[in-house]
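Here the structure comes first, spelled out in C-alpha cells, and everything after it is commentary.
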Amino acid sequence: MTVLRARVARSVEGRWIRLGLALSGWVALAVAALAPGASAFRVLVTTAFLFLGPGGAAVRWTRLASRSDAGWPALLETCLLTLVLSASLTVVVGVALYLIGVFTAIRALIVLAAVTSVLALLPGERR
C-alpha cells in the first residue's frame with residue numbers, strides 16, 4: 001500500500017510540474033507585454049523563463065534527467081542540461097525569426113512559450 005501511495009504522490013507532483021512548465025512561458029509573455037519597458041520585474045521573470053522554461057520542458061519530456069536518488073552530481077547535471085537546452089532553443093528561435101525578418105522579443109517569447117507548453121504537456125515515455 002505504501003508503494004502505491006508513493007507512486008500516486010509522484011504522479012500528482014509530476015502533473016503540477018508539467019502544468020507549471022506549460023504556464024511559465026505564458027506568464028513571462030504577459031509580464032513582458034504588460035510591465036514597463038526596463039522594469040526589474042520584467043527582466044527577472046523573462047530571464048528566468050528563458051534560462052529555465054524551454055530546457056526544463058525538454059529535459060522532462062525526454063527524460064534525460066538523472067534519478068533523484070543519485071545525489072548532487074546528478075542534480076547538477078540536470079540543472080546544467082536544462083540551462084544548455086534553454087539557451088539552444090532560445091538561439092534557434094531567435095535566429096529563425098531574425099532570418100525570416102519578423103524578430104521581436106514578444107514574438108520570440110510567443111514561440112518559446114508555445115514550444116515549452118507542447119513539450120511540457122506531451123507524455124514522456126513510460127519506464
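Just so we're clear, the structure is a prediction, and the values are computed from it rather than from any experiment.
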Legend entry - Common cluster, Trp61/Leu83, ILVMFWY with side-chain heavy-atom separation under 4.5 Å: no
Inset, instruction - Of all the heavy-atom pairs spanning Phe49 and Thr116, show the shortest one and how long it is. - result: CZ-OG1, 3.6 Å
Legend entry - Taking every non-hydrogen atom, the tightest pair across Ser86 and Thr90: O-OG1, 2.8 Å
Inset, instruction - Spell out, yes or no, whether Val84 and Val95 are grouped together once hydrophobic residues are joined by side-chain heavy atoms under 4.5 Å, including indirect joins. - result: no
Legend entry - Heavy-atom pair with the smallest gap, counting every atom of Ala58 and Leu85: CB-CD1, 4.0 Å
Legend entry - Val93-Val118 co-clustered via ILVMFWY side chain contacts under 4.5 Å: yes
Inset, instruction - Find the distance between CG (Leu122) and CZ (Arg18) and round it off to the nearest 0.5 Å. - result: 8.0 Å
Please tabulate, one pair per line, all N/O donor-acceptor pairs under 3.5 Å involving side-chain atoms of residues 31-44, not counting sequence neighbours.
{"residue": "Ser39", "atom": "OG", "partner": "Pro36", "partner atom": "O", "Å": "3.4"}
{"residue": "Ser39", "atom": "OG", "partner": "Arg42", "partner atom": "N", "Å": "3.3"}
{"residue": "Arg42", "atom": "NE", "partner": "Ala32", "partner atom": "O", "Å": "3.4"}
{"residue": "Arg42", "atom": "NH1", "partner": "Gly37", "partner atom": "O", "Å": "3.2"}
{"residue": "Arg42", "atom": "NH2", "partner": "Ala32", "partner atom": "O", "Å": "3.3"}

Inset, instruction - Kindly work out whether a path of hydrophobic side-chain contacts (I/L/V/M/F/W/Y, heavy atoms less than 4.5 Å apart) joins Leu50 to Val115. - result: yes
Legend entry - Taking every non-hydrogen atom, the tightest pair across Leu119 and Pro54: CD1-O, 4.4 Å
Inset, instruction - Search all heavy atoms of Ala120 against all heavy atoms of Ala57 and return the closest pair with its distance. - result: N-CB, 3.9 Å
Considering only distance and modelled atom types, tabulate donor-acceptor pairs under 3.5 Å from the side chains of residues 96-111, sequence neighbours left out.
{"residue": "Thr104", "atom": "OG1", "partner": "Arg107", "partner atom": "N", "Å": "3.1"}
{"residue": "Arg107", "atom": "NH1", "partner": "Val102", "partner atom": "O", "Å": "2.9"}

Pairs under 3.5 angstrom only: tabulate donor-acceptor contacts from the side chains of residues 19-29 to other protein residues two or more places apart or in another chain.
{"residue": "Ser24", "atom": "OG", "partner": "Leu21", "partner atom": "O", "Å": "2.8"}
{"residue": "Trp26", "atom": "NE1", "partner": "Ser117", "partner atom": "OG", "Å": "2.7"}

